[in-house]
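The structure appears below as structure tokens.
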Amino acid sequence: MMELQEIITLVRRTKAFVANRERAGHIQVKGPADYVTQVDTDIQNFLAEELGKMTPDIQFLGEEEGLHEMTADTYWILDPIDGTTNLIHDYQHSVVSLALYEKGEVTLGIVYDPFREDVYHAQKGQGSYLNGKQIHVSGAQTLRETIVSVGTSPYDREVADDNFRRIRRVFDRSQDIRRTGTAALDLAYVACGRTGGFFEPLLSPWDFAAGMLLVMEAGGKVTNFDGGPLSLLKRGSVVATNGKVHEELMEVLK
Ligand code: IPD
Ligand code: CA
């Protein structure tokens, strides 16, 4: 069976791919403002192959092959680069996000930030960690005491009017808003208490699978915009908070 440290060591080996600026310049357009670089593909190929050797019985779902019917109840969910647009511009905010989905729930989540050499990880029922040290969500009781990060759903511009209205309302109620360009890192920041919350109207399972577990294991709460649980099989809206400001944020998002 696999060892957590082996998986983390494997994920950290992706740093060499991220550092390759020449490969980041090989860009293909997937959709409106939606790109894939050779770095995304290199990392997905590398991890699919290495995870395949380490855990031959576990299937694999990666962003660069897209959503498809899974025939097993256990599989890896990978976003090889979350923050591809950032990577193209060398904005230095991109992460690798890997989750293990087992029988209806995420049991392991790893978000690796190669620019800061930070590894966030969580295992179901065992807490969340940043570089091996346990992390917790922030203690803020109200939005007024915290900053909130937002996602703009850049590939679905038809939701922008509603979403920017929400962002404006949250800005009015909180200390300030932030936009990093990587949802997986936004969730990791909620988990370690840097922000009190994060929301985005349309994300894919590979964007949020690992980060969702990080937030929950750090004592926070994650739902969709209706307050229900997230599906790991389809795209959906995401609200993640420290728990204490969840209701207030949901109210403002309505
Ligand atoms: C994107 C990032 C971004 C978010 C988008 C995602 P990608 O993922 O997480 O922050 O706003 O909705 O699709 O395309 O860079 O892997
Ligand atoms: Ca992504």
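We count ligands from 1, going down the list as the structure has it; atoms in each ligand are counted the same way.
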NZ/NE/NH1/NH2 to OD/OE distance under 4.0 Å, Arg235 and Asp207: no

Lys30 and Tyr35: CA distance, side-chain angles, deciding distance, side chain to side chain contact (heavy atoms under 4.5 Å, CB included) verdict: CA-CA 5 Å; Lys30 289 200 289 188; Tyr35 310 100; over 6 Å; no

Minimum side-chain heavy-atom gap Tyr112-Glu117 below 4.5 Å: yes

N-O pairing of Arg169 and Asp172 below 4.0 Å: no

Below 3.5 Å only, please: the N or O atoms of ligand 1 paired with protein N or O atoms, distance on each line.
{"residue": "ligand 1", "atom": "8 (O)", "partner": "Asp82", "partner atom": "OD1", "Å": "2.9"}
{"residue": "ligand 1", "atom": "9 (O)", "partner": "Asp82", "partner atom": "OD1", "Å": "2.8"}
{"residue": "ligand 1", "atom": "9 (O)", "partner": "Asp82", "partner atom": "OD2", "Å": "3.3"}
{"residue": "ligand 1", "atom": "9 (O)", "partner": "Ala183", "partner atom": "N", "Å": "3.0"}
{"residue": "ligand 1", "atom": "10 (O)", "partner": "Arg179", "partner atom": "NH1", "Å": "3.1"}
{"residue": "ligand 1", "atom": "10 (O)", "partner": "Gly181", "partner atom": "O", "Å": "3.0"}
{"residue": "ligand 1", "atom": "10 (O)", "partner": "Thr182", "partner atom": "N", "Å": "3.1"}
{"residue": "ligand 1", "atom": "10 (O)", "partner": "Ala183", "partner atom": "N", "Å": "3.4"}
{"residue": "ligand 1", "atom": "11 (O)", "partner": "Arg179", "partner atom": "NH1", "Å": "3.0"}
{"residue": "ligand 1", "atom": "11 (O)", "partner": "Arg179", "partner atom": "NH2", "Å": "3.1"}
{"residue": "ligand 1", "atom": "11 (O)", "partner": "Glu200", "partner atom": "OE1", "Å": "3.2"}
{"residue": "ligand 1", "atom": "11 (O)", "partner": "Glu200", "partner atom": "OE2", "Å": "2.6"}
{"residue": "ligand 1", "atom": "12 (O)", "partner": "Glu200", "partner atom": "OE2", "Å": "2.7"}
{"residue": "ligand 1", "atom": "14 (O)", "partner": "Tyr155", "partner atom": "OH", "Å": "2.5"}
{"residue": "ligand 1", "atom": "15 (O)", "partner": "Gly83", "partner atom": "N", "Å": "2.7"}
{"residue": "ligand 1", "atom": "15 (O)", "partner": "Thr84", "partner atom": "N", "Å": "2.8"}
{"residue": "ligand 1", "atom": "16 (O)", "partner": "Glu63", "partner atom": "OE1", "Å": "3.1"}
{"residue": "ligand 1", "atom": "16 (O)", "partner": "Asp79", "partner atom": "OD2", "Å": "3.3"}
{"residue": "ligand 1", "atom": "16 (O)", "partner": "Ile81", "partner atom": "O", "Å": "3.1"}
{"residue": "ligand 1", "atom": "16 (O)", "partner": "Asp82", "partner atom": "OD1", "Å": "3.4"}

Gln38-Asp40 side chain donor-acceptor pair, cut-off 3.5 Å: no

Distance-only donor-acceptor check, side chains Asn224 and Ser237, under 3.5 Å: no

Check: Val239 and His246 side chains under 4.5 Å, non-hydrogen atoms: yes

Atoms of the protein (N/O/S only) found under 3.0 Å from the Ca ion (ligand 2): Asp79 OD2, Asp82 OD1, Asp207 OD1

Residue pair Lys124, Glu102: steps toward the salt bridge (Lys or Arg N to Asp or Glu O under 4.0 Å) verdict: CA-CA 11 Å; Lys124 177 96 187 157; Glu102 286 185 278; over 6 Å; no

Close side-chain approach of Thr107 to Thr74, heavy-atom, < 4.5 Å: no

